[in-house]
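What follows is one structure encoded as structure tokens, with my remarks underneath.
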4 protein chains.
Amino acid sequence: MSADKKEHIILTAIDLFATKGFEGTSIREIAAAANVNLAMINYYFGSKEKLFESIIEYKASHSRVALEELVQDTSLSPIQKIDATIDGYIDRLFGHRNFHRLIQQELITHTRTTLQTHIVNNIIYPNSRAISHIIEEGIQKGDFKEVDPRLTTITLVGTINQILLSTRYCSKMLSNSDDPDYNPYEDESVKNRVRNHLKLLLHEHLLKK
Amino acid sequence: MSADKKEHIILTAIDLFATKGFEGTSIREIAAAANVNLAMINYYFGSKEKLFESIIEYKASHSRVALEELVQDTSLSPIQKIDATIDGYIDRLFGHRNFHRLIQQELITHTRTTLQTHIVNNIIYPNSRAISHIIEEGIQKGDFKEVDPRLTTITLVGTINQILLSTRYCSKMLSNSDDPDYNPYEDESVKNRVRNHLKLLLHEHLLKK
Amino acid sequence: MSADKKEHIILTAIDLFATKGFEGTSIREIAAAANVNLAMINYYFGSKEKLFESIIEYKASHSRVALEELVQDTSLSPIQKIDATIDGYIDRLFGHRNFHRLIQQELITHTRTTLQTHIVNNIIYPNSRAISHIIEEGIQKGDFKEVDPRLTTITLVGTINQILLSTRYCSKMLSNSDDPDYNPYEDESVKNRVRNHLKLLLHEHLLKK
Amino acid sequence: MSADKKEHIILTAIDLFATKGFEGTSIREIAAAANVNLAMINYYFGSKEKLFESIIEYKASHSRVALEELVQDTSLSPIQKIDATIDGYIDRLFGHRNFHRLIQQELITHTRTTLQTHIVNNIIYPNSRAISHIIEEGIQKGDFKEVDPRLTTITLVGTINQILLSTRYCSKMLSNSDDPDYNPYEDESVKNRVRNHLKLLLHEHLLKK
DNA sequence: TATGAATGAGTTTTCATTCAT
DNA sequence: TATGAATGAAAACTCATTCAT
């Protein structure tokens, strides 16, 4: 099978898994939506669960965050790194929100324990730890106040996650919209509003006066 | 069926749904875990989906938040209301974290559209709007800065949700623990740490110097 | 339980069985429709099947046809007996059409073999045989032609059954009506039309010129 | 699945549905009788109800009656058309008596309303109307008396249906047989007797002297 | 490599019936 | 006598997976 087709299946599966959940989606539906043969999915991915793992792997390799490099970067001040993190996070998570929702579901439920461990240890935690390191660096350098680095990280990540959680909630909260067709995630003004809020919030929280 | 038994089934189902998802949990499992006859669940709740709705209803009526009263309360200053909200939210959400996870899953996925609308309109959104109102009141009174009330609310809610999301992530982030038996949600020091972080964060963000 | 209540259940069950079939009707539905306790039906009739038998018994004793007496009656000529049979049959079957449909279903299918034998031997066949006897008597007396008495009986019974079979078919055929609320069986003009047709048909067929 | 296997399942289902009713027959039984996997029936027909619809469709396309052509045929006189109709009907209905019983059950009960409408409008009524047309043509041409065409049609159809209704009733009435193994529908003498009776009956009823 | 057909184990749901009171 | 609660058995249906080609 061409790599293109494999990718096509993965992208189709991400959307379905994200909106219907892993057990709520049948490989029959995925096959139909991706316009491929039902048996092919098992043939090429091995099983439904392996398909899920392939999705994780594919995304992990295609959208790795440059956070670790950011941490190492000596040309930027800690607060500049924080701003860069906010900008990067918002762009990336808003763009891959379905994959992100997938991950979150997998974290909330934990049927596939080893996979969850993998996700936490290799995807979620490293990113959070990198942000924490930036904050710790700022504290050490005397730029930042003696805040709780881990919880500050959680606030940053949690705010974005809360927005990504539910289109409906997000629309109601940020646009007072009940229109089911409105997509707040592709509204640049929403993105800017979030960016500004987070930067303001964290500057106040982190920077010494 | 006695109300006790009905409640027992609901509480059992919440835990299972929360950890394995709605589709990932069979009513067989629920029946076994609750030690009741398989057919009884359908007999008394009508269907698996109706059981889910019963859970929402039950929880909505048993754990209604006193937020609206807090908004109306004239004896408290806006910042005191924010502090009370943080204290109340943390206690309540930590205590009902499984139900809370259930709700979040339902929001991420949206197979049951009308139920989701119900949850957003009647449970999630009213609480968030109440918090926003407190912030707006503070701004009007001149106590608070001209922040974004909605996004500030999202930060408050999102931080707690992020912590509740995954025990594993929370343990790693807040206790550096890989022990699968450690429960950070019943660790008072964790709760206090979160409380202090949120109060500090929001005081800085909201209060005029 | 009062006899009235028992009768009420039976009458309710007849209507449900007639329109949804025996296996297509649950005793739960019957209990709900008759406004009685579900367990009571089993308690008083023993089982669903026994309820069915009770229906047969009840109807057999409450609407027994006077055909046998008609056969014996020496004051009427054979053709007068035929006319009386037509009149009586139409009135009775049109009035009890739901019970009649019940019986017909039971004859088409034959899951309950002994009950079917009972119905044929004690309800259906005796009536048909009585009509055949009248015809045979007419032949013997020289009033009637040498027709096939059994098949002539079947034509008489079959014509009425065909009309009773399906309200929709009957409405379309006899009234050109597609109105789902129209009830041809309570339309006196329809009954008269059927009566006249059958009498004309059988007079021509039976009577010597 | 091969068309043969599909046909095999349909034919098996017709027999079971005809003798036990639709709700009285489980797809398990059908699968066992047809020697196919239980899941395959749902897999290929979609559901039990869809299987039923497939049966109707299959039969409708495989045994369409040539009645409409008969109506148009100008080389035959009306009474010749009637005779041809009788011959054709008897052969066809006797041959497909199980499917015919199926249809009749579906007409008596009416759980599946739209399907019933389909059957009446597309299968039953067109045939009856075609026969009525022949009779009307005979009346117009002056060959036939001014009879009731619709009721005369019902008599023709109803007589055959009455015979097909129940093997037991038919055996007792036409052969005085209580032998449960006797099949009157494959007895040529029975068929001839019915043919002759109907022709005699209708000739007398229709033809001017 | 690719796929239509097939299947066994699982699901939810419905049912007639029985039980405890 | 009467009934709300409970239950075992069976129903229809769905599913991921495998097989034969």
Side-chain angles (χ1 to χ4, degrees), chain A residues 1-2 5-6 9 22-32 35-52, chain B residues 1-6 9 22-31 34-52, chain C residues 1-2 5-6 9 22-32 35-52, chain D residues 1-6 9 22-31 34-52:
Chain A
M1 182 170 58
S2 71
K5 218 170 200 173
K6 219 163 176 169
I9 294 173
F22 179 78
E23 358 276 327
T25 308
S26 71
I27 62 169
R28 214 170 221 84
E29 282 175 289
I30 298 170
N35 233 2
V36 300
N37 182 275
L38 161 71
M40 231 188 58
I41 294 180
N42 269 298
Y43 190 70
Y44 275 98
F45 292 91
S47 72
K48 194 186 175 185
E49 201 148 330
K50 294 264 187 63
L51 166 61
F52 194 92
Chain B
M1 184 168 56
S2 71
D4 267 9
K5 215 169 207 171
K6 216 163 178 168
I9 294 173
F22 179 78
E23 265 77 33
T25 308
S26 72
I27 62 169
R28 226 184 208 75
E29 285 175 288
I30 298 170
N35 231 7
V36 299
N37 183 278
L38 162 70
M40 237 193 52
I41 294 180
N42 272 295
Y43 188 68
Y44 277 97
F45 292 91
S47 69
K48 193 185 175 184
E49 197 149 329
K50 293 262 188 65
L51 166 61
F52 194 92
Chain C
M1 183 171 56
S2 71
K5 217 169 200 174
K6 219 164 177 168
I9 293 172
F22 180 78
E23 358 276 327
T25 308
S26 71
I27 63 169
R28 215 171 220 83
E29 282 175 289
I30 298 171
N35 233 1
V36 299
N37 182 276
L38 161 70
M40 231 189 57
I41 293 180
N42 269 299
Y43 190 70
Y44 275 98
F45 293 92
S47 71
K48 193 185 175 186
E49 201 148 330
K50 293 264 185 64
L51 166 61
F52 194 93
Chain D
M1 184 170 55
S2 71
D4 267 9
K5 215 167 206 171
K6 215 163 180 171
I9 294 173
F22 178 79
E23 358 274 330
T25 308
S26 70
I27 62 170
R28 227 184 206 73
E29 284 175 288
I30 298 170
N35 232 7
V36 299
N37 182 278
L38 162 69
M40 236 192 55
I41 293 181
N42 272 296
Y43 188 70
Y44 276 98
F45 292 92
S47 71
K48 195 184 174 186
E49 196 148 329
K50 293 262 187 65
L51 166 61
F52 194 92

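Here is the naming used below: chain letters follow the sequence lines, and residue numbers restart at 1 for every chain.
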Original post:
Who are the side-chain contact (heavy atoms from CB on, under 4.5 Å) partners of A39(B), not counting sequence neighbours?
Top reply: N37(B)
Subject >> Euclidean distance, atom CD1 of residue I30(D) to atom P of dA11(F) [Å, nearest integer] >> reply: 11 Å
Original post:
Are L51(D) and N42(D) close enough, and set up right, to give a side-chain contact (heavy atoms from CB on, under 4.5 Å), and what steps lead you there?
Top reply: CA-CA 8 Å; L51(D) 166 61; N42(D) 272 296; over 6 Å; no
**OP:** Would you mind telling me which of dA6(F), dA2(F), dT1(E) lies closest to the side-chain atoms of M40(C)?
**Re:** dA2(F)
**OP:** Answer yes or no: does a side-chain N or O of Y44(B) lie under 4.0 Å from OP1 or OP2 of dG4(F)?
**Re:** no
Original post:
Distance from T25(A) atom OG1 to F52(A) atom CZ, nearest 0.5 Å?
Top reply: 10.0 Å
**OP:** Note down the inter-axis angle between the two ends of the helix from dA2(E)-dT21(F) to dT21(E)-dA2(F), five pairs each, to the nearest 10°.
**Re:** 20°
Original post:
Among V36(B), L38(B), I41(B), whose side-chain contact (heavy atoms from CB on, under 4.5 Å) with I30(B) holds?
Top reply: I41(B)
Subject >> Rounded distance in Å - CG (L51(D)) to P (dA11(F)) >> reply: 16 Å
**OP:** Please report, rounded to the nearest Å, how far the P atom of dA6(E) is from the CD1 atom of I41(D).
**Re:** 12 Å
Subject >> K50(C) NZ to dA16(E) P, straight-line distance once rounded to whole Å >> reply: 16 Å
**OP:** Identify whether NZ of Lys or CZ of Arg in K6(D) sits under 6.0 Å from the centre of the six-membered ring of Y44(D) and within 45° of that ring's axis.
**Re:** no
**OP:** Measure the distance from CG on N37(D) to P on dA9(E) and round it to the nearest whole Å.
**Re:** 11 Å
Original post:
What residues, two or more places apart in sequence or in another chain, satisfy side-chain hydrogen bond (donor to acceptor under 3.5 Å, both in side chains) together with Y43(B)?
Top reply: R28(C)
Original post:
So M40(C) and F45(C), side-chain contact (heavy atoms from CB on, under 4.5 Å) or not? Walk me through it.
Top reply: CA-CA 8 Å; M40(C) 231 189 57; F45(C) 293 92; over 6 Å; no
Original post:
Would one find a side-chain N or O of K5(D) under 4.0 angstrom from OP1 or OP2 of dA6(E)?
Top reply: yes
Subject >> Contacts of E29(A) that satisfy salt bridge (charged side-chain N to carboxylate O under 4.0 Å, His left out) - sequence neighbours left out >> reply: K20(A)
**OP:** Output all residues satisfying side-chain hydrogen bond (donor to acceptor under 3.5 Å, both in side chains) with E49(A), sequence neighbours left out; order by chain, then residue number.
**Re:** none
Original post:
Between atom CZ in F45(A) and atom C1' in dA2(E), what is the gap in whole Å?
Top reply: 14 Å
**OP:** For nucleotides 13-20 of chain F, just jot down a letter per nucleotide in 5' to 3' order: B, S or -, based on protein non-hydrogen atoms under 4.0 Å.
**Re:** BBBBBB--
